[in-house]
Amino acid sequence: MSARRIYFVVSILVLAALPWLIATPYWRGILVLCAMNVLLALSLNLVIGYTGQLNLGQSAFFGIGAYVSTILVKSYGWNFWLAAVAAVGAAGLLGLALAAFAVRLRGHYLAIASLGFAVITYQVLVNWENVTQGVRGIYGIMPPFSHPAALFYLVAGIAVLVYVLIDNLVRSPVGDSLRAIREDEVSAASLGINRALWKAFAFCVGAAIAGLAGCFYPGFVGTLVPDAFNIVESFTMMAMVIVGGMGTMIGPVLGAIVLTFLPELLRGFGELRLMIYGIALTLVVLFMPGGMVQAWMALRARLR
Amino acid sequence: MILRAKEISKSFGGVRAVHNVSIAVPENSIFALIGPNGAGKSTLLNLLSGIYQPDAGSLHLEETNLIGLPAHRRVRLGMARTFQKIRLFRQLTLLENVLAGFHIHQDAPFWEYLVYGDTGRFREEARSLLAFVGLEARSGERAGALPYGQQRMLEIARALATRPRLFMLDEPAAGLNAAEVDFLLKRLEQIGRQGVTVLVVEHNMDLVMNVAHRVFVMDHGEPLFEGTPREVQHDPAVIAAYLGGEFAS
């Protein structure tokens with residue numbers, strides 16, 4: 001068995017055991033949240049890490065997924081799974097809309113445009129009260145499975161599936177093309193790579209995955225308010241990707257796990273919590289810009 | 001003629017970078033484009049490869065009209081190029097750089113990528129291209145870590161991966177030492193012998209005089225002379241353009 005297979009089987013076993021090792025309802029909830037964050041980090045990493053597009057609008061797609069699926073279920077009586085498919089489609093389409101900017105803008109300009117996109121989406125969620133209930137929020141949302149372990153298995157299972165598919169994709173010729181665009185767009189075009197097409201592809205898939213994560217969020221929390229999709233969420237996702245290691249597969253997963261549990265573990269410090277969190281983030285960016293993956297590589301190189 | 005440009009022009013602001021240039025590149029030839037700094041050679045190459053679109057004029061690859069066609073579409077017609085200022089994928093390995101060059105030849109259905117990931121297709125061909133430019137031993141290293149001369153050769157290997165019929169090189173000898181220029185020269189001849197038409201913008205006169213079948217001279221964005229290397233060397237207008245007006249008699 002190859003090392004890849006062994007890692008895969010071990011992680012599946014760990015995932016299967018987790019809800020039973022961590023039995024308190026609160027921490028089981030954190031586990032579900034963690035799986036959701038892994039999905040979000042994976043989605044953003046495809047756009048930022050592999051395609052090199054500085055996208056600060058990912059919270060919008062997360063929100064679209066949550067709102068579209070919830071409204072279809074609550075107001076129109078749709079089946080959850082059908083609603084989820086529609087929500088993923090809606091998020092993917094909006095991803096294409098943002099890609100229209102990405103085709104024309106680069107670097108900081110794209111960052112500002114995508115940030116604006118997230119702000120607009122948030123404002124729509126707040127102000128379109130007929131549909132979204134605005135800041136009053138939507139209450140009494142049921143998860144697809146009421147048992148917390150079952151919900152964790154569902155979201156974690158999807159995260160594993162998405163991980164495997166993206167992992168295959170980035171090792172395939174598609175990954176070569178995306179990385180080529182990240183490294184040098186003019187050069188990529190000189191090899192016949194249609195950068196507009198592949199950027200749109202990355203944005204669309206990234207948005208759809210974030211939308212998918214969004215489908216599970218409202219049922220898990222039970223309520224839905226626009227503040228959950230504030231632009232700060234975009235930065236949290238970005239932090240997960242960077243802390244773990246941009247442009248690697250395992251990095252964003254580690255980043256999502258650490259940045260989900262770290263704030264919880266720091267709760268004992270009260271108000272100091274956010275400060276410690278912030279300092280830790282700053283230190284990572286300053287001293288290991290390649291994130292935990294880079295730190296691990298450096299450590300391994302030194303031990304050899 | 002594989003490539004034919006008729007009276008193409010390109011201005012930037014008020015500057016006429018290329019003005020009324022007509023050029024016809026015969027198939028299976030090594031065609032050199034020379035001229036003093038600022039003559040518009042690189043602009044012309046950017047027009048041919050689709051990085052810029054001309055303000056006026058016509059442009060054909062055999063029977064295909066190239067006007068309005070973006071750079072990435074021209075690659076599918078069999079046009080490849082390298083850059084004067086090297087543009088490698090610096091964070092990727094040498095092998096990954098060359099593999100990216102096979103993009104237009106990847107025709108497996110999308111689901112295969114999702115299910116199998118790396119199919120290993122073109123890997124052998126990529127390695128042999130690296131061997132062709134003398135870099136097979138370093139295939140796992142990052143492109144950005146290569147010495148300058150080898151970066152130029154890697155860019156050539158990457159462009160060849162598109163399997164061009166017309167290969168355009170923008171000053172491939174710039175910054176190379178004598179041994180590297182010699183190696184490049186041999187490789188260009190070999191590429192030419194394999195039925196690829198080579199169009200090379202170059203400053204290095206040794207290289208031009210040794211490999212080119214025909215030479216096209218530009219000055220101030222306009223065509224100045226065209227002929228065999230021997231004819232070019234003895235043309236008073238060309239000598240004047242290179243050495244300055246006072247030597248012209």
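Heavy-atom basis, side chains included; hydrogens, waters and symmetry copies ignored. Note that this is a predicted model, so its numbers are computed, not measured. Below, read A as the first sequence line, B as the second, and so on, with proteins coming before strands; counting in each chain starts at 1.
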[X] versus chain A, heavy atoms under 4.5 Å apart: side chain, backbone, both or neither?
X	answer
B:R87	both
B:S49	neither
B:R73	neither
B:F110	side chain

More than 12 foreign heavy atoms under 6.0 Å from [atom1] of [X]: is that the case here?
X	atom1	result
B:Y148	OH	yes
A:R171	CZ	yes
B:R16	CZ	no
A:Y109	OH	no

With a 4.5 angstrom heavy-atom cut-off, which part of A:V186 approaches chain B: side chain, backbone, both or neither?
both
Nearest heavy-atom neighbours spanning B:G117 and A:S172:
O-CB, 3.5 Å
If every non-hydrogen atom of B:Q91 is compared with every non-hydrogen atom of A:E183, which pair is closest and at what distance?
N-OE1, 2.9 Å
Does a side-chain heavy-atom distance below 4.5 Å link [X] with [Y]?
X	Y	result
B:R76	A:N194	no
A:D184	B:F89	yes
A:P173	B:Y113	yes

Any chance you could measure [X], atom [atom1], to [Y], atom [atom2], to the nearest 0.5 Å?
X	Y	atom1	atom2	result
B:N97	A:D176	CG	CG	9.5 Å
B:D118	A:L169	CG	CG	12.0 Å
B:L99	A:R179	CG	CZ	10.0 Å
B:H103	A:L191	NE2	CG	9.0 Å
A:N168	B:W111	CG	CH2	12.0 Å

If we define contacts as heavy-atom pairs under 4.5 Å, which of A:S190, A:G175, A:A188, A:G247 has the most with chain B?
A:S190
Chain B shares the most heavy-atom pairs under 4.5 Å, among A:S177, A:A189, A:S187, with A:S187
